[in-house]
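So the structure is just underneath, and the comments pick up after that.
Just follow the structure's listing: the first ligand is 1, and inside any ligand the first atom is 1.
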Amino acid sequence: MAETPYPPELMRDVAKRRTFGIISHPDAGKTTLTEKLLLFGGAIQLAGTVKARKSARHATSDWMEVEKQRGISVTSSVMQFDYQGHTINLLDTPGHQDFSEDTYRVLTAVDAAVMVIDAAKGVETQTIKLLEVCRLRNTPIITFVNKMDREVRETFDLLQEIEEVLKIDCAPITWPIGMGKTFRGVYHLLEDRVLRFTAGEEKRSEGELIKGIANAQLDELFPLEVGKLREDVDLIQGASTPFSLGDFLAGKQTPVFFGSGINNFGVQEILQALIDWAPPPQPRVAGTSGADTRLVQPAEAPFTGFVFKIQANMDPKHRDRIAFFRICSGRYTSGMKVKHVRAGRDMKLANALTFMANERVLMEDGVAGDIIGIHNHGQLHIGDTLTEGENLGFKGIPYFSPELFSAARLRDPLKSKQLQKGLQELGEEGAIQVFEQEGGNMLLGAVGQLQFEVVAQRLKDEYKVDAIFESADIHTARWLTFPDELTRRNFEREQAMRIGKDVDGNPVYLASSRYNLEVTMEKWPKVGFHATREHGQVLA
Ligand code: G4P
């Protein structure tokens, strides 16, 4: 056998990892499916665990409470469990659109996604946005059409809508028999068997199996539905493209499953698809010193990875933060020394955490695809890369140009130091974007209004600063790049009033209107105006 350059145990362990996120429009059933996956995976014993957390969070209309309860909600940000000899990492994506920046970043850390669609509603706005993000990296998508126990839309209609709106081919793997009160189960197109649906009680196993679509048992059991099922199956077998693993892995085709999360129906198939079809940790592009990039292979021995999320207030008594870090290669061992590439410094990784459904536990062993939680006091920023010495920066973790802007004004002017510190830290965490203008003015940029509210409350609680946010006369922001030093200086002199620095010190043009932006761009054709910026671009 040909020798591979990679350690065999590492290759074996990496091949067993599956790291994915669930995307859906709010209310389609993401929380329910998460819980059922954990239940089937044996990670939780009782249904209701994740759900209880969610209702505890939503019981209050006061969003600030949500932030206060981070200690509870955070364990559900990442969950690891074993299923059929595989280690599965499920990353939670915030459902509310106002926190979509966070969601985008989480999706940079997955290798596959499960898309949940409410069968009565079809493709909804947030699904469209999230799918666009997945498409940026050609993330393979498994589709779960949920709530078949309700009166829902016609199956062919739904598939057509997914194909047309989301521009992805559908390969139905199961096919529903009836819906709502007459939902009888699904026919598995690849395995030629019917899985019978029985509503009701919480259980881990699914319904009874009936082999073969021609089976007379089906005529006995479902005399009213079986005719339509056979017609439908004839039609799809003739008309729809069959499942292709290659097209799925390329993000061009999605296998579609029908079920009812709340009734545990169809969940096992999703887990099976994750194991059988979803890719193990994939190679990742990283910038190296200079302008070059290289592919980092997951089974390379040296440890590498990047921070995709920062979470504060895990422990309200200490103001530490947890950096959620995706391992991209090598193996984590407690006490290992790593290089923090942006800072150009070494640091020791000890006591990293891993997250089971109900608890955080010390990480003992982690390989590519696994997520570890690293305690830190602000050294680590979103997008930061850690390596065992190599100067690398993982790509593709974006900041988006904010759509809403406010200026922070203090009620008590003596607190300006605290305000500055608070905003700097919240900016580094990615809770909001912060731009500092000449004269120390702090400008906040957000994608959703709720971000401002959360920041105001956190400033008050954690930094004891009472700030008022006033709407700022800014239309949009663009990150700037300059062809040479002279252009930079001239531009900065002329446009001083419209320039700010982001939390990492990068210059940003703050346009007062679309017209203002166009005029400035025309006047400075050599200056680059960028609507997104990648985190962690600075290489030591
Ligand atoms: P989300 O995380 O995507 O926002 O959705 P979540 O799982 O919270 O589900 C949204 C609502 O849809 C919940 O009802 C949930 O019980 C229901 N649901 C989820 N899966 C199914 C299904 O397969 N069939 C049916 N009929 N309903 C389903 P709720 O009334 O908002 O909450 P709750 O009172 O049930 O907790």
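Applying the 4.0 Å criterion to heavy atoms of P26 picks out, from ligand 1, the atoms 4 (O). The S260 neighbourhood of ligand 1 comprises atoms 22 (C), 23 (O), 24 (N), with distances under 4.0 Å to a heavy atom of that residue.
Contact annotation for S24 and ligand 1: only side-chain heavy atoms (C-beta onward) come within less than 4.0 Å of the ligand. Proximity of K30 to ligand 1, defined as any heavy-atom pair under 4.0 Å, is shared by backbone and side chain alike.
Distances from atom 31 (O) of ligand 1 to the heavy atoms of D118, D27, V267, D149 put D27 nearest. Between atom 22 (C) of ligand 1 and the options I262, N264, T31, the minimum heavy-atom separation is to I262. The option from N263, N146, T34, I23 that lies nearest to atom 20 (N) of ligand 1, judged by heavy atoms, is N146. Here atom 9 (O) of ligand 1 lies nearest to G29 when heavy atoms of A119, G29, A120 are compared.
With hydrogens and angles left out, the side-chain atoms of E132 and Y104 include no donor and acceptor closer than 3.5 Å. Residues Q449 and E453 bring no donor and acceptor atom of their side chains to less than 3.5 Å of each other.
Counting heavy atoms from C-beta outward, T354 and V78 have side chains that stay 4.5 Å or more apart. Residues I142 and W277 form no side-chain contact, since every pair of their non-hydrogen atoms from C-beta on lies 4.5 Å or further apart.
Residue G261 has at least one N or O atom closer than 3.5 Å to an N or O atom of ligand 1.
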Q. Should M148 and F265 be marked as a side-chain contact (heavy atoms from CB on, under 4.5 Å) after you check the CA-CA gap, both sets of side-chain angles, and the distance that decides it?
A. CA-CA 9 Å; M148 291 307 297; F265 193 81; over 6 Å; no
Q) Should K147 and D27 be marked as a salt bridge (Lys or Arg N to Asp or Glu O under 4.0 Å) after you check the CA-CA gap, both sets of side-chain angles, and the distance that decides it? A) CA-CA 11 Å; K147 307 197 187 182; D27 269 352; over 6 Å; no
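The aromatic rings of F405 and F435 are tilted relative to each other, their planes meeting at an angle between 30° and 60°.
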